[in-house]
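Written below as structure tokens is the structure these notes are about.
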Amino acid sequence: MNTDLAPSISIVGPTATGKSEIAIEIARVLGGEIIAVDSVQVYRGMDIGSAKPSLADRRAVRHHLIDVIDVAEPFDAARYVRLAKSSLAGVRARERFPIFCGGTGLYFKALLEGLGSTPAPDPRLRAELEATPLSELLAELGRRDPAM
């Protein structure tokens with residue numbers, strides 16, 4: 001388990017359950033800043049259905065990792081972890097208390113446990129797979145994993 005996050009608070013749960021309101025109140029009491037742990041809130045323009053904190057809330061308490069990338073940009077858990085660690089370092093440099101808030105379990109898991117090693121992306125293979133009809137891909141999946 002990653003102990004680099006301590007001390008901090010994590011508020012975890014599904015969308016629209018009041019996590020942000022709780023995080024904002026805790027941040028006000030403890031002098032904290034909020035680091036979003038959300039796979040949708042990172043995208044600029046993805047406001048509907050993402051339950052992003054209001055601009056007023058973001059002005060009242062500093063938030064990180066909201067509206068940081070364009071929807072056309074590649075983004076993954078490894079990039080999230082790099083950005084989150086950078087945000088955490090900034091919060092600590094300002095002597096503020098870090099509060100992780102969100103509902104993306106994979107991002108929390110990656111922060112706490114790290115990511116396993118994976119091969120580098122292969123653009124040629126990706127292009128080949130994207131050009132293959134879905135019916136062929138599903139047929140291959142059925143042959144390789146009949147339980148699916």
Side-chain angles (χ1 to χ4, degrees), residues 1-6 8-24 26-27 32-94 96 98-148:
M1 176 171 274
N2 183 352
T3 58
D4 295 340
L5 304 181
S8 67
I9 291 175
S10 293
I11 302 170
V12 184
T15 300
T17 56
K19 295 181 303 296
S20 291
E21 291 81 6
I22 293 168
I24 289 167
I26 291 170
E33 296 181 20
I34 297 169
I35 301 171
V37 188
D38 191 287
S39 63
V40 178
Q41 290 182 0
V42 295
Y43 293 103
R44 287 185 294 274
M46 298 286 287
D47 299 338
I48 298 172
S50 66
K52 287 180 185 175
S54 69
L55 290 176
D57 286 341
R58 288 187 258 171
R59 279 188 217 103
V61 172
R62 189 166 185 176
H63 285 67
H64 303 271
L65 303 186
I66 296 177
D67 293 338
V68 294
I69 61 165
D70 185 73
V71 294
E73 285 183 65
F75 195 79
D76 57 26
R79 185 168 174 198
Y80 173 81
V81 168
R82 286 190 302 275
L83 291 173
K85 286 182 177 182
S86 176
S87 295
L88 176 62
V91 170
R92 290 199 171 131
R94 287 184 294 282
R96 307 287 287 170
I99 301 161
F100 292 90
C101 179
T104 302
L106 174 62
Y107 289 2
F108 273 110
K109 183 176 173 68
L111 277 169
L112 293 170
E113 299 175 11
L115 294 166
S117 61
T118 59
D122 183 342
R124 187 187 57 74
L125 176 60
R126 183 176 193 94
E128 179 184 320
L129 291 171
E130 287 176 347
T132 304
L134 180 59
S135 59
E136 289 181 32
L137 294 172
L138 291 172
E140 181 177 346
L141 176 61
R143 286 190 300 277
R144 290 178 183 243
D145 187 357
M148 293 295 299

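- With hydrogens and angles disregarded, no donor-acceptor distance shorter than 3.5 Å links the side chain of Ser86 to the backbone of Arg82.
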Go through Thr15 and Val40 one step at a time and tell me if the side chain to side chain contact (heavy atoms under 4.5 Å, CB included) criterion holds. CA-CA 11 Å; Thr15 300; Val40 178; over 6 Å; no
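- To the nearest 0.5 Å, atoms CD1 (Ile9) and CD1 (Ile34) are separated by 10.5 Å.
- Atom-to-atom distance recorded for Leu129:CG and Glu140:CD is 8.0 Å, nearest 0.5 angstrom.
- Tyr80 is listed as a side-chain neighbour of Val37, based on a closest heavy-atom distance under 4.5 Å.
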Exercise answer: donor-acceptor pairs, residues 64-78 side-chain atoms, under 3.5 Å, sequence neighbours excluded:
residue : atom : partner : partner atom : Å
His64   : NE2  : Glu33   : OE1          : 2.6
Asp67   : OD1  : Lys52   : NZ           : 2.3
Asp67   : OD2  : Arg58   : NH1          : 3.2
Asp70   : OD2  : Ala72   : N            : 3.0
Glu73   : OE1  : Arg79   : NH1          : 3.4
Glu73   : OE1  : Arg79   : NH2          : 3.3
Glu73   : OE2  : Asp70   : N            : 2.9
Asp76   : OD1  : Ala78   : N            : 3.2
Asp76   : OD1  : Arg79   : N            : 2.8

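- When every heavy atom of Ser50 is checked against every heavy atom of Gln41, the shortest pair comes out as O-NE2, 3.0 Å.
- No side-chain donor-acceptor contact under 3.5 Å links Lys19 to the backbone of Cys101.
- You'll find the side chain of Val61 stays beyond 4.5 Å of the side chain of Ile99, heavy atoms only.
- Within the model, atoms CG of Leu134 and CG of Leu141 stand 10.0 Å from one another, a figure rounded to the nearest 0.5 Å.
- Put simply, CG on Leu111 and OG on Ser10 are 8.0 Å apart, with the number rounded to the nearest 0.5 Å.
- Atom CD1 of Ile48 sits in a sparse spot, with 12 or fewer heavy atoms from other residues, nucleotides or ligands closer than 6.0 Å.
- The minimum heavy-atom distance between Arg96 and Gly32, with the atom names listed, is NH2-O, 3.5 Å.
- A heavy-atom distance below 4.5 Å is found between the side chains of Arg94 and Arg62.
- Pairing each heavy atom of Phe108 with each of Gly103, the nearest pair is CE1-N, 4.5 Å.
- Closest non-hydrogen pair, Thr17 versus Pro14, comes out as OG1-O, 2.8 Å.
- Of all heavy-atom pairs spanning Thr104 and Ser39, the tightest one is OG1-N, 2.8 Å.
- Summarising the geometry, atom CG belonging to Leu88 is positioned 12.5 Å from atom CG belonging to Leu83; distances are rounded to the nearest 0.5 Å.
- The minimum heavy-atom distance linking His63 with Asp57 is given by the pair CE1-O, 3.7 Å.
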